[in-house]
Amino acid sequence: RNAGRFLKEAGAHAVKLEGGRRISDTVRIIVEAGIPVMGHIGYTPQSTYQFGDHIVQGKDAESADRLLEDALALQAAGVFAVVLECVPTEVSEYITRSLSIPTIGIGAGPHCDGQVLVFHDLVGWSVDGPFKFVKQYAHLNEILTKAVSDYTEDVKAERFPTDAHAFHMKREQAERLSSRVHECKRS
């Protein structure tokens, strides 16, 4: 029901679900309802607390095989693509070559069919430093922090706003209002 609401009310074109074999039945039901689903395996941010500090998934052959089993289960359930997040490049190549649907990498090396980065990471708008797999194309956090600090200082020092940042009434209207202002007492 919620997946349908995303399409109808939010204008989404698809939904993305994290997990592999354990969610494949849910994926199948959603796909059979006519809702496109993208899978997501490897590091799954909504499950961060299950992994603790172990962000990179599939560091050995056995766990790589489990990730492939997850990807194959999602493919069989009907996903149109699978996101591979924070997996070694060898694992992303292994999974990409094994699937007939596209893979999208985020911290999964160059062998995926497509790539994605979180916008805030890409433009350096994150408070925390970037993950190893992020290439920052700008450093907006520094710029934005300075802008907010400068604004705060200008307001406190009464350098902003100035008359240049204000709107004014026509002279006649201002004079009419001025006579009323003098009649009012300030509380």
Side-chain angles (χ1 to χ4, degrees), residues 1-19 35-59 81-89 92 102-187:
R1 190 174 319 132
N2 287 335
R5 288 185 66 200
F6 277 116
L7 273 64
K8 290 178 184 173
E9 297 174 29
H13 297 281
V15 295
K16 181 182 74 67
L17 297 177
E18 293 184 353
I35 299 168
V37 177
M38 176 181 276
H40 186 144
I41 61 173
Y43 176 67
T44 50
Q46 282 70 43
S47 306
T48 292
Y49 297 110
Q50 291 177 346
F51 297 119
D53 291 336
H54 306 290
I55 292 177
V56 178
Q57 304 296 302
K59 290 182 176 181
V82 176
V83 173
L84 304 177
E85 183 165 355
C86 292
V87 299
T89 188
S92 67
T103 58
I104 306 298
I106 178 167
H111 300 293
C112 295
D113 298 301
Q115 297 292 328
V116 66
L117 280 178
V118 173
F119 177 77
H120 288 63
D121 294 335
L122 182 135
V123 299
W125 196 355
S126 304
V127 176
D128 300 324
F131 291 106
K132 176 183 178 171
F133 62 84
V134 172
K135 179 178 179 181
Q136 287 187 328
Y137 290 83
H139 300 283
L140 294 185
N141 192 49
E142 296 167 15
I143 295 167
L144 295 173
T145 300
K146 181 173 180 351
V148 170
S149 176
D150 291 351
Y151 164 75
T152 302
E153 288 177 26
D154 280 355
V155 169
K156 287 179 178 178
E158 298 181 2
R159 292 186 301 262
F160 178 82
T162 66
D163 193 58
H165 307 104
F167 299 100
H168 294 282
M169 300 173 89
K170 292 183 179 178
R171 178 180 289 250
E172 177 186 307
Q173 296 299 317
E175 288 172 359
R176 287 178 65 191
L177 183 62
S178 179
S179 65
R180 292 182 190 154
V181 170
H182 293 301
E183 295 171 6
C184 295
K185 290 186 177 179
R186 193 167 187 167
S187 343

Subject >> Closest heavy-atom pair and its distance - Pro36, His13 >> reply: CG-O, 3.4 Å
Subject >> Straight-line distance of His40 NE2 to Glu18 CD, nearest 0.5 Å >> reply: 5.0 Å
Original post:
Can you name the salt bridge (Lys or Arg N to Asp or Glu O under 4.0 Å) partners of Asp113, sequence neighbours left out?
Top reply: none
Subject >> Glu172 CD: over 12 foreign heavy atoms closer than 6.0 Å >> reply: no
Name every donor-acceptor pair, under 3.5 Å, that has one atom in a side chain of residues 161-171 and the other anywhere in the protein, sequence neighbours excluded.
residue	atom	partner	partner atom	Å
Thr162	OG1	Ala164	N	3.3
Thr162	OG1	His165	ND1	3.0
Asp163	OD1	His168	NE2	2.7
His165	ND1	Thr162	N	3.2

**OP:** Might you point out which heavy atoms bring Cys86 and Ile55 nearest each other, and give the distance in Å?
**Re:** SG-CG2, 3.5 Å
**OP:** Scan for side chain to side chain donor-acceptor pair (under 3.5 Å) pairs involving residues 116-125, sequence neighbours excluded, and state none if there are none.
**Re:** Asp121-Ser126
Original post:
Mind checking whether Arg159 and Glu153 have side chains closer than 4.5 Å, heavy atoms only?
Top reply: yes
Original post:
Can you check whether Ile41 reaches Leu84 side chain to side chain, under 4.5 Å on heavy atoms?
Top reply: yes
**OP:** Calculate, to the nearest 0.5 Å, the distance between atoms CD and OH belonging to Gln57 and Tyr43 respectively.
**Re:** 9.0 Å
**OP:** Output all residues satisfying salt bridge (Lys or Arg N to Asp or Glu O under 4.0 Å) with Arg176, sequence neighbours left out; order by chain, then residue number.
**Re:** none
Original post:
With a 4.5 Å heavy-atom cut-off, do Lys156 and Thr152 have their side chains touching?
Top reply: yes
Donor-acceptor pairs are to be reported for all side-chain atoms of residues 1-11 against protein atoms at under 3.5 Å, with residues two or more places apart or in another chain.
residue	atom	partner	partner atom	Å
Arg5	NE	Glu9	OE2	3.0
Arg5	NH2	Glu9	OE1	3.1

Original post:
Looking only at heavy atoms, which two atoms of Thr89 and His111 are closest? And how far apart?
Top reply: OG1-CD2, 3.0 Å
Subject >> Heavy-atom pair of closest approach, residues Ile106 and Leu117 >> reply: CD1-CA, 4.2 Å
**OP:** Answer yes or no: is there a donor N or O on one side and an acceptor on the other, between the side chain of Ser92 and the main chain of Ala108, under 3.5 Å?
**Re:** yes
Original post:
If you measure from CG on Leu17 to OG1 on Thr44, what distance do you get to the nearest 0.5 Å?
Top reply: 11.5 Å
Subject >> side chain to side chain contact (heavy atoms under 4.5 Å, CB included) involving Asp150 - partner list, sequence neighbours excluded >> reply: Lys146
Original post:
Is there a donor-acceptor pair closer than 3.5 Å between any side-chain N or O of Thr145 and the backbone N or O of Asn141?
Top reply: yes
